[in-house]
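All ligand and atom numbering here is 1-based and tracks the order in the structure. Residue indices begin at 1 and follow the sequence shown.
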Amino acid sequence: MDMQPIKARSGNHNLENYEQTYNNFKWDETKKNFSWSETGKINIAYETIDKHAEDPATKDKAALIYSSPDREETLSFDQLKRKSNQFANVLKKHDIEKGDRVFLFMHRSPEFYAAFLGILKTGAIAGPLFEAFMEQAVRDRLEDSEAKMLITTPDLLERVPQSELPNLEKIILVGDSGSDEYISFEKEMEEASEEFDLEWVELEDGMLLHYTSGSTGKPKGVYHVHNAMIQHYQTGKWVLDLKDDDVYWCTADPGWVTGTSYGIFAPWLNGVTNVVRGGRFSPDDWYGTIAEKNVSVWYSAPTAFRKLLSAGEDAAQKHDLSSLRHILSVGEPLNPEVITWGLKAFDLRIHDTWWMTETGAMLICNYPSVDMRPGSMGKPFPGIEAAIVDNEGNELPANQMGNLAIKEGWPSMMRAVWNNPGKYESYFINGWYVSGDSAYKDEDGYFWFQGRLDDVINTSGERVGPFEVESKLIEHEAVAEAGVIGKPDPERGEIIKAFITLRDGYSESDELLEDIRQFVKNGLSAHAAPREIEIKDTIPKTRSGKIMRRLLKSWELGLPTGDTSTLEE
Ligand code: 6R9
């Protein structure tokens, strides 16, 4: 679908002149907004919450508006400061020290945000996990990070294999009276002081671990440091276009990097009111949230927009959506037809943004003041040098497809892959961070996403590593071998399709296939469970034994199979 560019609306945008700013901007200018540029002492939680709590003008401003089908709660910056202080005191009482890994495995709630910020205040490293994770996914992450403490809820506790996690010293339960075995969040909070001497850290000290999937191996721990705040703040200002009186809503769960960088840091570093909606997605619920909370800036994902689109215009017309002034998207390619729908449904452009868990913050974006080419991810953020490079790291000319790469050295870049320096090094070629995405750049500097270069699957905006799913599949008693691919799907972007061979004594039946599906769902998570499973006589492998997912995909899509010279006899 080819569409005409969509003109920028004139208005009062935080970033008025993209080109001029891009040509002159230095990250050092952003640093001046933070007190640590003079004292040298920093903590991202201080800049996020305490700073606004100490300012009489913003002390009582709503920081968090939490709403879910069964709970409504608003916390001011001052209240959130006190609650996170209390939780930091609880952690200190239980021997948490700077650098320790403290994980959160719970649904979104005010307690989650207080606990998350409390962890950062002690200088410990926070590890948020999706509530949808099942036992193995939880174990892999707590094991790899050697987490010392976990904060969870009674209903999720059964998915935490405590006996297999020797480093996990303590568990704090939210919503439970506690016992000898577990610490009660509520009891400890009641006793804890609202004053806390914050741990001042270095810019390069760690604050966050997000696990994400690659094409091989277990999920890797992407390690971020306090310095990332520089970019969270500035992209919040220029891309989210946040202003003092905005009500901002990021729909992402904090188990995903979007839910921390843009569900916690960017809005609060900018002192803006942040809406968190708990519970499940439904069009009525989402439109209702915008209308009831007067959301003005909304950051979501193509998979959600596509669901709203298919719910039809009636669903939208029931609600007053006139508070909206700016909409953004991330996670997958934003289809031009979704942009067309957005223009009709909201009379607003939906602005695509591109970045990754590893990059920590937005890198290539559409800006309110810049003309948009539907289908393009936009242009690099000021301070970011993006290019298309070949496999040796040489820049390619305009309109040529290649590796989407970023010149090393931006503030929010991951600083390590936990326990895996080799993996970290493997991202870089010739001074470029190579993303694993393929793209091209047109002659006017707009970037166009083409696809993943590895086998990573993007289903409803979530990265799923085929290896993880394959490993789980072959744990099933009936499965001998498995190969997993992403299959294009109009609503979800891709769905997971598994090809399997059966062990002797098993034969194909609908019950068996459903049982295998449930097995992955219960072992890993719902989003990792294959929607389609096909039984084969053999799974194609290279002579070195690697599953040829590329070949499976070609078969599935009816495409030419290309070079099969390495195929096993
Ligand atoms: C923030 C986030 C990263 C991968 C990335 C790419 C895909 C993200 C996109 C996009 C097309 C966009 N992706 N944004 N593809 N257009 N605007 O999504 O992080 O979960 O690590 O995923 O997602 O393939 O490499 P993460």
Problem set entry | Contact with ligand 1 for Pro333, non-hydrogen, under 4.0 angstrom | yes
Problem set entry | Which segment of Phe449 sits under 4.0 Å of ligand 1 when only heavy atoms are counted | side chain
Exercise. How does Arg463 reach ligand 1, if at all, at less than 4.0 Å between non-hydrogen atoms: by side chain, backbone, both, or neither?
Worked result: side chain
Problem set entry | Ionic contact status for Arg415 with Glu204, cut-off 4.0 Å | yes
Exercise. What protein heavy atom sits nearest atom 12 (C) of ligand 1, and how far off is it?
Worked result: Glu332 O, 3.4 Å
Problem set entry | Geometric N/O contact Val330 with ligand 1, under 3.5 angstrom | no
Problem set entry | Selection residues 210-231 - residue pairs positive for ring-ring contact (aromatic ring centres under 6.0 Å, His included), sequence neighbours left out | Tyr223-Trp418
Exercise. Counting both backbone and side chain atoms, is some N or O of Ser435 under 3.5 Å from an N or O of ligand 1?
Worked result: no
For this session: In plain terms, say whether Lys497 and Glu556 are close enough for a salt bridge, that is, a side-chain N and a carboxylate O under 4.0 Å apart.
Result: yes
Problem set entry | Sub-4.0 Å atoms of ligand 1 with respect to non-hydrogen atoms of Thr353 | 12 (C), 14 (N), 17 (N)
For this session: Indicate yes or no: does an N/O atom of Ser329 lie under 3.5 Å from an N/O atom of ligand 1?
Result: no
Exercise. Where does Asn458 meet ligand 1, judged by heavy-atom distances below 4.0 Å: at the side chain, the backbone, both, or neither?
Worked result: side chain
Problem set entry | Over-ring placement of Lys441 relative to Trp448, 6.0 Å and 45° cut-offs | no
Exercise. Less than 4.0 Å between a side-chain N and a carboxylate O, is that true for Arg452 and Asp437?
Worked result: yes
Seminar exercise, completed: re atom 25 (O) of ligand 1, the protein heavy-atom contact at minimum distance is Arg452 NH1, 2.8 Å
Exercise. Among protein heavy atoms, which sits nearest to atom 6 (C) of ligand 1, and what does the distance come to when rounded to 0.1 Å?
Worked result: Asp437 OD2, 3.0 Å
Exercise. Is the closest basic N to carboxylate O distance between Asp241 and Lys243 below 4.0 Å?
Worked result: yes
For this session: Determine, for Phe346 and Lys344, whether the Lys NZ or Arg CZ falls below 6.0 Å from the six-membered ring centre while staying within 45 degrees of the axis.
Result: no
Problem set entry | Proximity to ligand 1 by part of Thr357, non-hydrogen separation under 4.0 Å | both
Exercise. How does Glu462 reach ligand 1, if at all, at less than 4.0 Å between non-hydrogen atoms: by side chain, backbone, both, or neither?
Worked result: neither
Exercise. Charged N to carboxylate O under 4.0 angstrom, Lys553 versus Glu494?
Worked result: yes
For this session: Would you mind checking which non-hydrogen protein atom is closest to atom 20 (O) of ligand 1, with the distance to 0.1 Å?
Result: Trp256 NE1, 2.8 Å
For this session: Consider every N or O of Thr258 and every N or O of ligand 1, then say whether any pair is closer than 3.5 Å.
Result: no
For this session: Answer yes or no: is there an ion pair linking Glu19 with Lys379, defined by an N-O contact shorter than 4.0 Å?
Result: yes
For this session: Please confirm whether Glu358 comes within less than 3.5 Å of ligand 1 when only nitrogen or oxygen atoms on both sides are compared.
Result: no
Problem set entry | Asp442 and Arg373 ion-paired at < 4.0 Å | yes
Exercise. Looking at Gly331, which atoms of ligand 1 are within less than 4.0 Å of one of its heavy atoms?
Worked result: 7 (C), 8 (C), 9 (C), 10 (C), 13 (N), 14 (N), 18 (O), 23 (O)
Exercise. Are Lys220 and Asp144 close enough for a salt bridge, meaning some N to O gap below 4.0 Å?
Worked result: no
